[in-house]
Number of protein chains: 2
Amino acid sequence: MRSVDPLEDTSPAPDDRTTRARIRDSAISCFAKHGVADTTVRKVAAAADVSPGSVIHHFGSMEGLRLACDQQVAAAIRDRKGEALSSGPQLDMLASLRSAEYGSLAAYLAQVLAEDSPAVAKLVDDLVADAEVYLGQGVDSGMLRPTDDPRGRAAIVALWSLGALVLHRHMDRLLGVDLTNPDVAADPAFLNYLRPAVEVMGTGLFTDAFAAQAKESLDPPGETDQ
Amino acid sequence: MRSVDPLEDTSPAPDDRTTRARIRDSAISCFAKHGVADTTVRKVAAAADVSPGSVIHHFGSMEGLRLACDQQVAAAIRDRKGEALSSGPQLDMLASLRSAEYGSLAAYLAQVLAEDSPAVAKLVDDLVADAEVYLGQGVDSGMLRPTDDPRGRAAIVALWSLGALVLHRHMDRLLGVDLTNPDVAADPAFLNYLRPAVEVMGTGLFTDAFAAQAKESLDPPGETDQ
DNA sequence: TAGGATATTGAACATGCGTTCAGTCGATCC
DNA sequence: GGATCGACTGAACGCATGTTCAATATCCTA
């Protein structure tokens, strides 16, 4: 496995990837940097040092290239799934997406998560399913509170975190935290995000009285056996 | 004020908006429906029943049109600010964005919130500032817990909610809740979102012991006067 | 080594985009 | 009535896009 973003690799080691892999990895970086709409076949070709025709030859179309990138990113995340599951709940819920293999992984996700794409939909579904498992492990180990709705909770927590990633520009501007930066965990400013997030995750936002009132308004007594 | 989305207005009442306003409102609906990249001047012109040249005549460029739409949406939200501030904290944090004026408002935001646009940045900054105020009111009224970092908390809560809106497709697929639907509050499935959200906001996710441990790992004793 | 298969190229194509522009029309003013 | 202005049109323009394609290069196998 390469330890830096392929596009930023300046080492003299020969590139042992196939042209196809090189193109695909360059495309991931381009999509991450320019966004989906502004990434053209010519930009990808230039980044991979091939011709536009070669890009189309390998992937059939830009659409095919996008699909291949989605699938590659999903595979990279899947490869780290065991690691996430074995490390249990973390304060930084996006940690497992800061892959050492693709420095652009988080930035790529930030660009594609809101796209209407079956591959991305599957990726998110898998991430939520994984979250449900490791949140369950957290309950078993006494770190997390039990819930009547493990799946709903996992979906909410995962989509909040992923949504924050998609809105990384605003997070950066407001709290000085760049969630697409693979090394954000080493940035002291990261605490600006972690502290309030952990506060909400730790004690909630509502007072006990208001929380009880809110819960009752959603599930009035006598209707608890739905 | 019109009470339905302009594009969906089938009443025979004469349209008293200027052509400029009609075009702008049609554009908001187009951006909401097709996204920013796939909304062309010809689509907007067709929706507004004018020529493409007329669109450009009024707004100078597609970029000018986008800016006008951002500003109009921001104004519509600003108009509802007093209402949000006077109603205090709500279980549904996106309620103030379900404008009766624009059925497409939430869907428009879902499309543009991740765009790199100064107008959108300002809009989000304003929303966070508003959130800080009404969360503060919630603390004063005893509904919400006090915090050492009102601004950080407001940013997190707002960006989580807005992020969930941006990822509305996944939310819909996973929990059957369409957050861009202006009438989602009347949909029984909305509880699928509210229950886990209120649970996390109510009691948090972490157990008391883990929350204390987590807080201490972020702010070790002896370093509390930062 | 020859031949077939595959990879790659750079030019060209077809299409659609945002924008420009000359002309028309209606309203207003002198 | 004529001049001016603003609104609007539809055709055309200049440009960029994704894709196609014929020619060439490279690789692999018998």
Side-chain angles (χ1 to χ4, degrees), chain A residues 6-7 14-72 108 111-112 115-120, chain B residues 6-7 14-72 108 111-112 115-120:
Chain A
L7 259 196
D15 195 334
D16 59 351
R17 291 167 299 171
T18 63
T19 300
R20 189 178 192 276
R22 263 199 309 111
I23 294 171
R24 185 202 60 217
D25 291 349
S26 295
I28 288 171
S29 296
C30 283
F31 286 128
K33 181 175 180 183
H34 304 294
V36 173
D38 290 343
T39 292
T40 61
V41 63
R42 288 165 173 84
K43 274 181 186 161
V44 174
D49 199 27
V50 296
S51 71
S54 196
V55 175
I56 301 297
H57 170 82
H58 281 284
F59 297 95
S61 64
M62 283 300 286
E63 192 173 320
L65 175 61
R66 255 299 313 289
L67 178 60
C69 291
D70 286 345
Q71 290 171 340
Q72 175 62 17
Y108 180 85
Q111 299 280 9
V112 308
E115 295 279 328
D116 188 4
S117 145
V120 170
Chain B
L7 258 197
D15 194 334
D16 60 351
R17 289 168 298 171
T18 63
T19 300
R20 189 179 192 279
R22 262 197 310 112
I23 295 172
R24 185 203 59 217
D25 292 349
S26 295
I28 288 171
S29 296
C30 283
F31 286 127
K33 181 175 178 182
H34 304 295
V36 173
D38 289 344
T39 292
T40 62
V41 63
R42 288 166 174 86
K43 275 182 187 160
V44 174
D49 198 28
V50 296
S51 71
S54 195
V55 175
I56 302 298
H57 171 81
H58 281 283
F59 296 95
S61 63
M62 283 300 286
E63 193 174 318
L65 175 61
R66 255 298 311 290
L67 179 61
C69 292
D70 286 346
Q71 291 172 341
Q72 176 63 16
Y108 181 84
Q111 299 281 9
V112 308
E115 295 280 327
D116 189 4
S117 144
V120 169

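Chain naming here is simple, since letters A, B, ... match the order of the sequence lines and numbering starts at 1 in each.
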Student: If you look at every heavy atom in A/Pro52 and A/Val41, which pair is closest and at what distance?
Tutor: O-CG2, 3.8 Å
Student: From CG of B/Asp49 over to C1' of D/dT9, roughly how many Å is that when rounded to an integer?
Tutor: 12 Å
Student: How many whole angstroms separate atom CD of B/Glu63 from atom P of C/dC17?
Tutor: 18 Å
Student: In whole angstrom, give the distance that lies between atom CE of B/Met62 and atom P of C/dG16.
Tutor: 17 Å
Student: Hey, does the side chain of A/Thr19 come within less than 4.0 Å of C/dT8's phosphate (OP1/OP2), counting only N and O?
Tutor: yes
Student: Under 4.0 Å, heavy atoms only, any strand: does B/Ser51 hit a base, just the sugar-phosphate, or nothing?
Tutor: base
Student: Is it the case that C/dG18 (base atoms only) and B/Arg42 (side chain only) share a donor and an acceptor within less than 3.5 Å, ignoring hydrogens and angles?
Tutor: yes
Student: Just by modelled atom types, is the B/Ala48 backbone N or O under 3.5 Å from a matching donor or acceptor in the B/Arg22 side chain?
Tutor: yes
Student: Among C/dA7, C/dT19, C/dT9, find the nucleotide with the atom closest to the side chain of A/His58.
Tutor: C/dA7
Student: When all nucleic acid strands are considered with a 4.0 Å heavy-atom cut-off, which category describes B/Ser54: base, sugar-phosphate, or nothing?
Tutor: base
Student: Roughly, in whole Å, what's the span from CD1 in B/Ile23 to C1' in D/dT9?
Tutor: 12 Å
Student: Locate the shortest heavy-atom distance separating A/Ile56 from A/Ser61; write the atom from each residue and the value.
Tutor: CD1-CA, 4.0 Å
Student: Might you point out which heavy atoms bring A/Gln111 and A/Glu115 nearest each other, and give the distance in Å?
Tutor: O-CG, 3.9 Å
Student: Looking only at heavy atoms, which two atoms of A/His34 and A/Asp38 are closest? And how far apart?
Tutor: O-CB, 3.4 Å
Student: In whole Å, I'd like the distance from the CZ atom of A/Arg22 to the C1' atom of C/dT8.
Tutor: 11 Å
Student: Nearest whole Å is fine: how far is D/dC8 P from B/Arg20 CZ?
Tutor: 12 Å
Student: Can you tell me how far C1' of D/dC8 sits from CZ of B/Phe59, to the nearest Å?
Tutor: 14 Å
Student: Strictly below 4.0 Å: does A/His57 bring a side-chain N or O up to OP1 or OP2 of C/dA7?
Tutor: yes
Student: Could you check how far CG of B/Asp38 sits from P of C/dC17, rounded to whole Å?
Tutor: 10 Å
